[in-house]
Protein chains: 2
Amino acid sequence: MPKIGLKLREMRRRRDLSVRELAARSGISHSTISLIERDKMSPSIDTLSAVLDALGTTLPGFFSDLQSSLPYTPFYGAEDLVEIGKAETISYRVIGLNHPNRQLLMLHETYAVGADTGEAFAHAAQEAGMVISGAVEVTVGGQKKILKKGDGYYFDSRLPHCFRNVGEERSEILSAITPPTY
Amino acid sequence: MPKIGLKLREMRRRRDLSVRELAARSGISHSTISLIERDKMSPSIDTLSAVLDALGTTLPGFFSDLQSSLPYTPFYGAEDLVEIGKAETISYRVIGLNHPNRQLLMLHETYAVGADTGEAFAHAAQEAGMVISGAVEVTVGGQKKILKKGDGYYFDSRLPHCFRNVGEERSEILSAITPPTY
DNA sequence: TCACCTTGGTGAATATACTGAACAGAGGGC
DNA sequence: GCCCTCTGTTCAGTATATTCACCAAGGTGA
């Protein structure tokens, strides 16, 4: 009964992938993908999972739905981002603070030299991010690593975690947290 | 790959239904339900949907809290990010692709000169991001704006939207989408 | 023009999801 | 003791999901 074909096709086209490319990445035959996209058959959970994996999404993500909102301005200039941290040592600037029904906390974080978030707060959430300048030591659970420009992280916020700028200049991170608990 | 059997069995038992009762209500044979619950086979979307319907649930509801608790590492080096687009024109590199129960799609997007995401599709999600290099024209709903380094956006993905690199070099965006349905 | 690549789709063969009947075990009457 | 009904599982047969080889259309270059 569910008509997932169109949605899959849109996701594939959005990534500018051909049926055959997606087939190669997912390990599913191209004819199967063609049939699924035209709702000619109902794929098994395993095969759908494999295809979604190649598209960078998940079964929960694929099936989730939201209701949403009203007119607003989607753009936020660099000077419009709202500071929610201490600008001197650690700056947290929010993108889309007043977005209605906001379910995502997107932050531009700037750490002064030697700045440290201190010990961690435990939320039921997930967060990810990427270092865009400088060098940041990230501690998650027992694990610790120094991330530099282009390196990323993704972890469950219930694990104790903290960030420390170990570079010789300011460090910047772009991060996202969902749900937006703060 | 996904192990949905145990969860289904628990849901059925919580409702105090026998395999045969659930089979009668869902229109699926009892042997099929038995096999699914013991992870002996991967049901098609149609049959799973029918079973969930008899349990008073839906596909989105069933998958919304499907979690796997595998050991993982929270760090992702720049070279570990997985490409899910076409690297030449538009590159989408995922941070944390293998994260269990991932509810967030964090992307490092790189647009070649003149690259365009093409026609805009609506999907039920929210997304935010920030330009970290170059100049990108973002169109959301009727609205259009050129964003440069440090500028951000936040909008509901149900609005038609597209991105176009209008700079003279490659442009980069760091973005996040939840749920990971992009 | 031709050769050659890509695109997505189709039909026959195969693997697998799905069915209906038959099975073993646990109570419950009586 | 026997009979009946429930529980979940197993097995052979059937429907369908999945594959592989092939097809037709569109684009590119020589």
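Numbers restart at 1 for each chain; the letters A, B, ... are given by sequence-line order, proteins then strands.
One atom, CD of A/Glu37, and another, C1' of C/dT10, lie 16 Å apart when rounded to the nearest Å. Rounded to an integer number of Å, the gap from A/Leu17 CG to C/dT6 C1' is 15 Å. When rounded to the nearest whole Å, the span between CG of A/Asp39 and C1' of C/dG8 equals 16 Å. Atom pair B/Arg38:CZ and C/dC18:C1' shows a separation of 14 Å (rounding to whole Å applied).
B/Glu168 CD: 12 or fewer foreign heavy atoms inside a 6.0 Å radius. Other residues, nucleotides and ligands contribute at most 12 non-hydrogen atoms within 6.0 Å of the CZ atom of B/Arg170.
Between B/Arg12 and D/dG8 there is a side-chain N or O to OP1 or OP2 distance below 4.0 Å.
Counting only heavy atoms from C-beta on, A/Arg9 has its side chain closest to C/dG8 among C/dG8, D/dT9, D/dT7.
Residue B/Ile146 shares its hydrophobic cluster (ILVMFWY side chains chained together at separations under 4.5 Å) with B/Val166.
For the residue pair A/Glu109 / A/Ser175, a side-chain donor-acceptor distance below 3.5 Å is found, with atom types taken as modelled.
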Next item on the list: Treat primed atoms plus P, OP1 and OP2 as sugar-phosphate and everything else as base, then score nucleotides 13-27 of chain D 5' to 3': B for base contact with protein heavy atoms under 4.0 Å, S for sugar-phosphate contact only, - for none.
Entry: ----SBBBBB-----
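For the pair A/Lys145 and A/Glu137, the salt-bridge criterion is not met [side-chain N within less than 4.0 Å of a carboxylate O].
A ring-centre distance under 6.0 Å is found for A/Tyr153 and A/Phe163.
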